[in-house]
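In the text below, chain A, chain B and the rest are named by the order of the sequence lines, each starting its count at 1.
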Amino acid sequence: MLFSRALIPTVKEVPGDATNQSHILLTRAGFLRKVGAGIYDFLPLGLRVLRKVERIVREEMDRAGGQEILMPVLLPAELYKESGRWDLYGDVLFRLKDRKGGDYNLAPTHEEVVTDIARREIKSWRDMPKNLYQIQTKFRDEPRARGGLLRCREFIMKDAYSFDTTEEGAKASYEAMRVAYTRTFDRMGLRYRMVAADSGAMGGSTSAEFQVLADSGEDAIVACGNCDYAANVEVATARTISPARAAMATTMPIIRLHTPGHGTIEQVTTLLKIKPQDMFKSLLYTAPGSPDLIMVVVRGDHEVNELRVARALGVAEVFLAAEADVKKATGADLGFAGPVGFSGKIIVDRAAAAVRNGVTGANETDWHLGNVNHGQNFQADVVDVRLAATGDPCPNCEKGTFTAYKGIEAGHIFILGTHYSAKMGANFLDESQQSKPVIMGCYGIGVSRLVATAIEQHNDQDGMRWPMSLAPYQLHICSLGKDAPVAEAAKKLHDELEALGVEVLWDDRDERPGVKFKDADLIGIPLRVTIGAKGLANGQLELKPRTEPDPKKAELIAVADAARVLADRVKAALAS
RNA sequence: CGGGGCGUAGCGCAGCCUGGUAGCGCACCUGGUUCGGGACCAGGGAGUCGGAGGUUCAAAUCCUCUCGCCCCGACCA
């Protein structure tokens with residue numbers, strides 16, 4: 001491809017609304033343009049990367065026994081009404097009406113549609129196992145689209161669905177997908193962890209997320225330094241160290257502490273010269289169906305795991321109470337809530353329950369209490385409700401400790417069981433002529449999100465650094481100056497490489513060298529070839545990998561057999 | 001959903017407080033000089049100031065409504 005003919009609108013200025021590297025670089029390098037909130041154009045280079053991601057995903061799904069299908073995005077509401085998600089999905093579901101006033105929605109995912117296929121086409125135990133997948137656009141009206149391609153309202157996803165006759169079969173299907181995902185992300189050169197995850201509203205028994213490690217990620221995960229255990233903090237078990245210590249300390253009589261204007265943990269610890277782990281942090285939550293606020297108490301240095309709070313209360317989710325409600329329930333301003341004397345239900349985390357002679361809010365503005373002890377000064381249900389964090393002991397091997405990471409969820413695999421098949425009547429006849437619901441699994445990969453995710457892990461101050469497997473082109477030729485021999489040599493090399501099956505971008509523009517080098521670094525094609533008049537006079541051209549930080553460091557290659565040598569380099573990089 | 005902020009040329013922004021001829025940088029076009037890490041000089045084109053209504057002799061500027069967009073938060077009470 002000739003740069004002069006391509007649409008590659010690079011810009012020097014950082015887009016005003018971009019906050020993360022992938023969004024900034026995709027925009028600056030001319031891969032992506034914003035159309036609306038969470039809605040984007042893929043320009044030629046961006047689409048080429050997207051296609052590379054799709055190709056790898058497709059190859060690995062096919063290898064694992066999947067069959068590709070294509071389901072519609074526009075869905076009659078009946079399907080989602082049948083599964084109950086027409087109501088459950090709430091505002092996230094894009095809804096519309098046709099000219100007759102009939103209800104429709106845009107598909108946020110396709111369990112209902114694929115289950116509809118299954119109930120019509122999969123009738124016998126002989127028809128299974130099956131694995132159907134598609135690469136298709138999804139629509140979700142996110143409360144807040146953000147991060148460029150990382151969280152969009154319209155995005156491209158690979159979703160696969162497995163159908164089995166038995167639990168064991170479903171587990172085998174799940175395992176095949178796990179292996180396929182590992183291969184997929186390995187081929188993309190990503191650093192990731194497979195982590196235990198919440199099955200959430202999906203209602204399945206087994207699920208795991210593939211989290212690509214990146215500081216810009218929205219998800220928090222913890223991983224053991226000693227064994228393979230890794231989990232989303234939502235589900236990680238945070239164990240408490242030596243509860244025996246608590247029993248040893250003698251309790252002291254409660255005291256009142258004047259803390260005017262000091263409401264936060266940080267302010268109180270500074271004022272009283274104590275450590276956060278000697279404080280009780282009290283948060284108030286509302287739960288659907290419960291008129292009263294629930295107080296959750298964790299140690300001052302810990303965070304509340306809201307998912308676990310919800311589980312402990314037997315509800316789907318809980319919400320932090322509004323400021324006005326907190327004042328009403330405690331009689332004090334924010335920052336001075338505490339369990340002593342609180343009349344409502346209290347849940348205390350196991351670690352907080354072990355705190356002896358701790359400090360907490362007095363439910364009176366500008367006052368705290370000292371020497372507070374669970375069991376003596378307040379009663380509460382003891383439940384593990386805190387988030388796991390760095391340094392916590394691993395519950396799996398009991399030797400290692402957790403390290404916390406930020407991750408971008410790139411894939412999620414579930415065993416769904418009969419959640420949808422039972423509800424929608426996707427049944428089959430087994431060998432003994434009994435009708436049973438098929439056992440399903442579902443497996444997603446965020447295809448368009450991966451384009452951005454790869455950049456989050458592969459960039460530097462000059463631009464993107466694509467792995468060969470995802471690069472929009474494999475080799476970038478910069479021809480410098482206007483000398484006819486240089487242009488001729490570049491054209492010859494370009495044509496020869498294309499004939500050898502190499503994807504080449506030749507910067508043939510009438511631009512100064514600096515402009516070409518800056519654009520080449522920004523676009524981030526893994527191999528760059530420079531052809532200049534001086535080198536050409538010696539029969540040489542220069543090869544520089546994008547990952548080489550020294551701009552002057554380049555390998556000299558004889559022009560005579562450059563095409564063959566370079567094609568071999570590309571092949572080698574693809575194979576590694 | 002709560003809080004904050006922004007909509008002015010293709011992009012990034014100033015001007016608004018204190019109403020009076022719409023500006024800067026990048027990009028773009030023309031000519032010239034340059035040419036191995038985002039050149040320089042000269043000239044030029046390009047904007048219903050998000051939209052609607054109002055106040056006023058006069059509105060980008062003040063008021064009301066509305067649409068769009070961004071950030072923070074959905075936590076440390």
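Checking G37(B), C11(B), C75(B) against the side-chain heavy atoms of E13(A) singles out C11(B) as nearest. If you check G38(B), C76(B), C35(B) against the side chain of T10(A), the one that comes closest is G38(B). Which of C69(B), G37(B), G38(B) sits closest to the side chain of F517(A) comes down to G37(B). Considering only side-chain atoms of L320(A), the nucleotide from C69(B), G36(B), A74(B) that sits closest is A74(B). Of all nucleotides listed (C71(B), G36(B), C11(B)), C71(B) comes nearest to the side chain of R146(A). Listed nucleotides G37(B), C70(B), G12(B) differ in distance to K518(A); the shortest reach to its side chain belongs to G37(B). Among the nucleotides A77(B), C35(B), C71(B), the one closest to the side chain of R144(A) is C71(B). For K544(A), the listed nucleotide lying nearest its side chain is G37(B); candidates were A77(B), G36(B), G37(B). Comparing atom distances between the P143(A) side chain and each of C75(B), G12(B), A74(B) picks out A74(B) as nearest.
Comparing the C1' positions of A9(B) and C41(B) gives an interatomic distance of 24 Å, to the nearest angstrom. Comparing G36(B) with G20(B), their P atoms are spaced 49 Å from each other, to the whole Å. Between C72(B) and U66(B), the distance separating the two P atoms is 26 Å to the nearest Å. Of the P atoms belonging to U34(B) and G25(B), the separation is 25 Å, rounded to the nearest Å. As rounded to the nearest Å, U21(B) and C16(B) have P atoms that lie 13 Å from one another. With C1' as the reference atom, C71(B) and C28(B) are 32 Å apart, rounded to whole Å. To the nearest whole angstrom, the two P atoms, one in G53(B) and one in C17(B), are 22 Å apart. Spacing between C6(B) and G43(B) at atom C1', rounded to whole Å, works out to 35 Å.
Environment of CG in D41(A): crowded, with over 12 heavy atoms of neighbouring residues, nucleotides or ligands closer than 6.0 Å.
Exactly one of R311(A), R350(A), R308(A) qualifies for a side-chain hydrogen bond (donor to acceptor under 3.5 Å, both in side chains) with D384(A). That residue is R350(A).
For the pair K327(A) and A77(B), the criterion of a side-chain N or O lying under 4.0 Å from OP1 or OP2 is not met.
On a pure distance criterion of 3.5 Å, no polar donor-acceptor pair joins the side chain of E511(A) and the base of G38(B). Side-chain to base pairing of R528(A) with G36(B): no donor and acceptor N or O lie closer than 3.5 Å to each other. For R28(A) and G38(B), a side-chain-to-base donor-acceptor distance below 3.5 Å is present, hydrogens and geometry of angles not being considered.
Applying the side-chain hydrogen bond (donor to acceptor under 3.5 Å, both in side chains) test to residues at least two apart or on different chains, the pairs with a partner in residues 9-18 of chain A are T10(A)-D519(A), D17(A)-K34(A).
In this structure, G532(A) reaches the bases: a heavy-atom distance under 4.0 Å links it to at least one base atom across the strands shown. If you check every strand for non-hydrogen atoms under 4.0 Å, G16(A) touches sugar and phosphate atoms only. Nucleic acid contact class of L387(A) (heavy atoms, under 4.0 Å, all strands): none. Counting any heavy atom pair closer than 4.0 Å across all strands shown, Q267(A) reaches no nucleic acid atom.
Base-pair partner of U34(B): not found among the strands shown (Watson-Crick or G-U wobble, both distances under 3.5 Å). Within the shown strands, G44(B) is the pairing partner of C28(B) under the Watson-Crick or G-U definition, both distances less than 3.5 Å. As the counterpart of U61(B), no nucleotide is assigned, since no Watson-Crick or G-U wobble pattern has both distances under 3.5 Å. For C75(B), there is no paired nucleotide, since no Watson-Crick or G-U wobble pair has both relevant distances below 3.5 Å. Pair check for C16(B) finds none; no Watson-Crick or G-U wobble contact set falls under 3.5 Å.
Atom CD1 of I523(A) is separated from atom C1' of G37(B) by 15 Å (rounded to the nearest Å). Rounded to whole Å, the distance from CD on E142(A) to P on A74(B) is 16 Å. Summarising the geometry, the separation between CD1 on I477(A) and C1' on G36(B) is reported as 17 Å, rounded to the nearest angstrom. Atom CG of L32(A) and atom C1' of C11(B) are 15 Å apart (whole Å). Rounding to whole angstrom units, CG of residue L307(A) and C1' of C75(B) are separated by 14 Å. Going from atom CG of N20(A) over to atom P of C70(B) covers 13 Å, rounded to whole Å. One can place NE2 of H262(A) at 13 Å from P of A77(B), the figure rounded to the nearest angstrom.
Expressed to the nearest 0.5 Å, how far CZ of R28(A) lies from CG of L522(A) amounts to 5.0 Å. The CZ atom of R528(A) sits 9.0 Å away from the CZ atom of R546(A) when rounded to the nearest 0.5 Å. Taken from CD in E409(A) to CD1 in I221(A), the straight-line distance is 11.0 Å, to the nearest 0.5 Å. The line from CG of L257(A) to CG of N371(A) is 8.0 Å long, rounded to the nearest 0.5 Å.
Both T19(A) and S282(A) lie near RNA chain B, and the one whose nearest nucleotide falls closer to the 5' end is T19(A). Mapping D510(A) and R153(A) onto RNA chain B by nearest heavy atom places D510(A) closer to the 5' end of the strand.
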*asked:* salt bridge (charged side-chain N to carboxylate O under 4.0 Å, His left out), that's the test. Do K491(A) and D508(A) meet it? Break it down for me.
replied: CA-CA 9 Å; K491(A) 178 168 182 2; D508(A) 61 324; over 6 Å; no
*Derivation of the salt bridge (charged side-chain N to carboxylate O under 4.0 Å, His left out) call for K552(A) and D550(A)*: CA-CA 5 Å; K552(A) 297 216 173 69; D550(A) 184 350; over 6 Å; no
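The aromatic rings of H476(A) and F3(A) sit tilted, their planes meeting at an angle between 30° and 60°.
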Polar pairs (N or O, both sides) under 3.5 Å between protein and nucleotides 39-44 of chain B?
from   : atom 1 : to      : atom 2 : distance (Å)
A39(B) : OP2    : R512(A) : NE     : 3.4

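Inter-residue side-chain proximity for L26(A) and V451(A) is flagged as met; some heavy-atom pair is nearer than 4.5 Å.
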